[in-house]
Amino acid sequence: MSARPLIDRSSDAVGTALRAIADATDLDALRAAERRIDDEFAAIKREIKSVDAADRSAVGQALGTAQAQARAAADARRGELEATAGAARLAGERLDLTAVGAEYRRGHLHPVTQVWRELEDIFCGLGYEVHGGPEVEDDWHNFEALNFPPGHPARAMQDTLYVNLGEPEQVLLRTHTSPVQIRLMESQPPPIYAVMPGRTFRRDTPDARHSPVFHQIECLVVDRGITMGDLMGTIEVFFRALFGDVEARFLPSFFPFTEPSAELGVSCPFCSRSGCRTCSHTGWIELGGCGMVDPNVFAAVGLDAEEWSGFAFGFGIDRIPLLRNEIDSLQTLLWDNDVRFLRQF
Amino acid sequence: MRAPLSWIRDFTPIEAPPSEIADALNQLGLEVDDVDAPGAEIHDVVAARIVQVVPHPDADKIRLADIEFGGGRALRVVCGAPNIAAGMVVPFAQVGAMLPGDFRITKRKIRGVVSEGMLCSSRELGLGDDHDGILVLPDDTELGADVRDVLGLHDVVFELSITPNRPDAMGIVGVARDLAAHFGLPFALPTAPAIELVDRIGDVSVVVDAPERCPRLVARVATVVMGESPAWMQQRLRLAGMRPISNVVDVTNYVMLERCRPLHAFDLDRLAGRGIVVRVATDGERMTTLDGVERTLDGGDLVICDGERSPQAIAGIMGGRDSEVDASTTKILLESAYFEPAGISRSSKRLGLRSEASARFERGVDPNGAAAGADRALELLAEVAGAVADPATIDRYPRPVARERVTVRSARVNAILGTDLTAAEVRGLVEPLGIETEGSDPFIAACPTDRPDLAREIDVIEEVARRVGLQHIRRTVASAPAGSVGRLSEAQRERRLVADVLVGAGFCEAMSMPLISPADLEHVGLTADATVEVANPLRAEESILRPSVRPGLLRAVAGNAARGEPDVALFELGTVFGPPRSGDLLPDERTMLGAVIAGTVRRAPREPDRAVHVGDAVDVVHALVAALRLADLAIEAVAVPGLHASRSARILVDGADIGAVGEVAPEVLARLDLVGPAATLELDVGALCAGRRRPNRFVPISSFPPVNFDLAFVVADDVAAAEIAATVRAAAGDLLERVELFDEFRSDALGPGRRSVAFALRCRAHDRTLTDTEIAPLRTAVIDAVVAAHDAILRG
């Protein structure tokens, strides 16, 4: 037998196969078509032995080409059908990613804590340590060692809450964080570079600007050769770290435990000194007090004021989130614990 | 302190604009609260005379006033003030006039009668809070004159906030001296003429029984003609915030405001015994002060008595009614004293009575200004009250106060301020403040006695700083010395970690008041014994220091629920207070972590919502233990006050009780008006962080496969799952990688009081694949151990 009939049959089989593959609409139909094609090619292959020996290789070659062509077409079609099936399956698995129920409840640090940590971190960056002390203090640490002699009118600047311990008016809720200065100087020799955040108490009627309990941070530096220039420059560096591009302002004032003393203010970070509601249109925000450690304070803790000098400053922590986050009232910030407030920050 | 610019100019020729003066005052430490130009907001208010007052046809309390105001102009106005009478000269705001506060006067009908303008009180003119009635102007005021001219309202008033160390600046003279120094202007205070010292003035005597409380007392005698003070004096007093009373009283107030020199004028004819005695009061002694209030005195108060030792004034604070000058007075005894400041402060505080005089005496007035002050008053009284003063002066001043002499080193000035000043420059800066200097470097600074704040070198250095101007000192930065590291302590870092664990668990940080009431404790099922009491609470709700953060947190949960937010998770890290430990003076302060989770845990729509479970609070305990790597935690079921009796436990770390966890008791929930369950925990953070730790070392990870199997036991209800797990761990040994409780249930089939607990175990070796021959005996050993230890029955 000549090669021709089988060669023609192979090319017919390819034609049939390509049509069947193209017609297959799903993977099952494709698999059935492939089986029929394989059967036809197997049948052709069985008849090769009836072809003249000299022509067998030509038939074999034609058959191989036909099989490869069919297989390639089947593979391509399978890829298409698999992709379609996969897409259909995913389409059936649709979930609405906008379907959320209650708002996801992450936890929140209190806005005061957030600022508190930021303040600690800024001073740690300057190489300072963080210290604390008791919230209930004795008269010595809160007043006397800080150069508030008994009966001194400066004591009246700070309405004090006393507790029923010891002699009358001997034990009190600290009116400022300054007693931690005394405890620190009593317990460790200079040099001291420290900040002391903490809770403080005054006998105040609560309103939008006042709370009987509030938070302060105090800074104390004691070393050789510390100057008023150091005090002012350090505060300015600190303010810039906290508020950005601002200036510090110092106006002479009076505190029993520092001399010279000054009120410390910052140029309004919200209006760049052009005047806004936050700064009452003055361009400046008064934040706290500062000064050089009074020699009487050094004497109270047994340090030689000729050898050591130092500065201290302090201000209210609560004021910062009030200003920064435009919170309307100290009562909202503290003690209300309204989750509609706490979850905002 | 209100300082009118015109008054300052009596002592120094200052011409700078008010804004520049205000800046200077701030830089000098005399803080300007406000710059008040009272006349700036007043237009078209003129002096008018009331011709007649007639009743309003339809109202009892308001009347009609016919007024004339020059040039034959006359109108009728409606007025509600009770003090108007025909003949008075008063400020009249015409239709179209402006008053402070952008208040424009219009023609108005009041109860049917048209008012052609308004008569003004001092408050309506922006002159203080006195709203007693229409301001009465001097009789001789020209009708139709602008009230700004009549009242001196073209002036500028600096409202100053004076710090307690600067009594001198509570007088115009002190303010003027600082400004003169700042602007480099001359400053002049007329010197008092020499006085003739006597022991008695005629029959008038002075006895000081308490010289330590009254180191100086000057007395003068004068005849006076009582009346009103002249307009210029009334104007200045009003601008300074005081109400004119009579010429004699006004003069004493004027000298007080000008010189920080409070004075008292007694009606000499009402002083029994013709003299005064200064003595300490006796306990329970009574007197009626000028304000008509009867005061009960004690042995800490100083009184000025008449010659028969009956109290006529509380020294330095307020005069008495009995010897007050009034229209009938013809002869006065003028007293000018120096009282010891602390005593005045104590009495004023105890009596709750503060006056312009006490505010000055308690800061410390100039003892050496007493005679000059009296002299200034008599000079003014001669001018405004026709006074004729007896030239004789009684001066009880046994130990005259000298100027403080302070040694000042320029090197010290520069070391404190960071400046580079020579001694000559330092002297030049302080001399205009009235400080006399001797020598070069160091030099002696002899400080004026009206500056009690100047007694030490550092006090003079502060004056240098004020004079240099803080803004002119070069700013440098004090960083910690090289080699020292600024960082939080371990305890501080762990406190942050504790808060972060809670935030990670979805809790919001709360801050609740540390001052609470005993009722707050009882409300949440705690007892109020062993608490620290506030001695002088402002409110009963703030009468004790909290011994627990739980009341505050539960109050916060209840508050949120009442506001429509019942599903909350809150925590607080705060101090609690217990009575002092033996031998201590101060309370036992501890930092507590409290947390509450309440209501529903929201999961919908993906999963069903569920009610809060006590386990939500227990999970937090485990998260903390894991974060801190604590080695030994135990949760011991016990009824905790305020918590559900069989859903609460103590937390033990290394066997020590450090707090509690549990479900809030139903009766507490009911009292708080809470519907859903609430779980809470409270832990002593110091004790928690003091717990023994697991080493923070890497545990090698096995590359061999695990063997997993489950075991379920039936045990009695009160057998703790944690104890069974501990038995499992002990019996299984090192091959056990983990054991987890995965199922727990009760059923009728199990019988009452029993439950099933099922554990998943995973075993693994580091060096080989485990085989059944190894696992089978391990499994048996675990089962035997649990059965034996917990009276358990194996379910499968």
Heavy-atom contact with chain A under 4.5 Å, split by part of [X]:
X: B:Arg555; value: neither
X: B:Glu542; value: side chain
X: B:Leu545; value: side chain
X: B:Leu502; value: neither
X: B:Pro537; value: backbone
X: B:Arg590; value: neither
X: B:Ala465; value: side chain
X: B:Asp609; value: neither
X: B:Glu533; value: both
X: B:Arg606; value: side chain

Largest heavy-atom contact set with chain A, pairs under 4.5 Å, which of [options]:
options: B:Val503, B:Asn165, B:Thr476; result: B:Thr476
options: B:Leu538, B:Val477, B:Asn536, B:Leu553; result: B:Asn536
options: B:Ala505, B:Ala535, B:Pro587; result: B:Ala535
options: B:Gly559, B:Ala415, B:Pro580, B:Ala510; result: B:Ala510

Do [X] and [Y] have side-chain heavy atoms sitting under 4.5 Å apart?
X: A:Asp138; Y: B:Leu586; result: yes
X: B:Leu417; Y: A:Pro260; result: yes
X: B:Arg539; Y: A:Pro206; result: yes
X: B:Glu31; Y: A:Leu251; result: no
X: A:Pro252; Y: B:Leu470; result: yes
X: B:Leu515; Y: A:Leu161; result: yes
X: A:Trp335; Y: B:Pro514; result: yes
X: A:Asp294; Y: B:Arg456; result: yes

Problem - Set of residues satisfying ring pair (Phe, Tyr, Trp, His ring centres under 6.0 Å) with respect to A:Phe250, sequence neighbours excluded - result: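 Per chain and number, A:Phe250 pairs via ring pair (Phe, Tyr, Trp, His ring centres under 6.0 Å) with no residue.
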From [X] [atom1] over to [Y] [atom2], what is the distance, rounded to the nearest 0.5 angstrom?
X: A:Met228; Y: B:Arg474; atom1: CE; atom2: CZ; answer: 15.0 Å
X: B:Phe577; Y: A:Leu173; atom1: CZ; atom2: CG; answer: 6.5 Å
X: B:Arg475; Y: A:Glu247; atom1: CZ; atom2: CD; answer: 7.0 Å
X: B:Met511; Y: A:Phe214; atom1: CE; atom2: CZ; answer: 14.0 Å
X: B:Arg496; Y: A:Leu109; atom1: CZ; atom2: CG; answer: 9.5 Å
X: A:Asn164; Y: B:Thr531; atom1: CG; atom2: OG1; answer: 10.0 Å

Sort out for me which of [options] touches chain B most, counting heavy-atom pairs under 4.5 Å.
options: A:Ile226, A:Asp204, A:Asn296, A:Val112; answer: A:Asn296
options: A:His131, A:Glu169, A:Glu137; answer: A:Glu137
options: A:Gly291, A:Gly127, A:Cys124; answer: A:Cys124
options: A:Tyr193, A:Phe345, A:Phe201; answer: A:Tyr193
options: A:Pro212, A:Ala262, A:Ser253, A:Pro295; answer: A:Pro295
options: A:Leu231, A:Val213, A:Asp336, A:Val163; answer: A:Val163

Judged by atom type as modelled, is there a donor-acceptor pair below 3.5 Å linking the side chain of [X] to the main-chain atoms of [Y]?
X: B:Glu589; Y: A:Val136; result: yes
X: B:Glu509; Y: A:His110; result: yes
X: B:Glu462; Y: A:Ser261; result: yes
X: A:Ser309; Y: B:Ile416; result: no

Residues 563-575 of chain B, side-chain donor-acceptor partners within the protein, below 3.5 Å, at least two apart:
unit_1: B:Arg563; atom_1: NE; unit_2: A:Asp338; atom_2: OD2; d: 3.1
unit_1: B:Arg563; atom_1: NH2; unit_2: B:Asn560; atom_2: OD1; d: 3.3
unit_1: B:Glu565; atom_1: OE1; unit_2: A:Arg343; atom_2: NH1; d: 3.4
unit_1: B:Asp567; atom_1: OD1; unit_2: B:Thr600; atom_2: N; d: 2.8
unit_1: B:Asp567; atom_1: OD2; unit_2: B:Arg602; atom_2: NE; d: 3.1
unit_1: B:Asp567; atom_1: OD2; unit_2: B:Arg602; atom_2: NH2; d: 3.0
unit_1: B:Glu572; atom_1: OE1; unit_2: B:Ser512; atom_2: N; d: 3.3
unit_1: B:Glu572; atom_1: OE1; unit_2: B:Ser512; atom_2: OG; d: 2.5
unit_1: B:Glu572; atom_1: OE2; unit_2: B:Ser512; atom_2: N; d: 3.0
unit_1: B:Glu572; atom_1: OE2; unit_2: B:Ser512; atom_2: OG; d: 3.4
unit_1: B:Glu572; atom_1: OE2; unit_2: B:Arg546; atom_2: NH1; d: 3.0
unit_1: B:Thr575; atom_1: OG1; unit_2: A:Glu135; atom_2: OE2; d: 2.7

Contacting moiety of [X], where chain B heavy atoms sit under 4.5 Å:
X: A:Gln170; value: side chain
X: A:Pro134; value: both
X: A:Val171; value: side chain
X: A:Leu172; value: neither
X: A:His141; value: neither
X: A:Arg117; value: both
X: A:Val237; value: side chain
X: A:Glu236; value: side chain
X: A:Asp96; value: neither
X: A:Ala194; value: neither
X: A:Met292; value: side chain
X: A:Glu306; value: both

Problem - Heavy atoms from other residues, nucleotides or ligands near CD of A:Glu167 exceed 12 (cutoff 6.0 Å) - result: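 Check fails, neighbour count at 12 or below.
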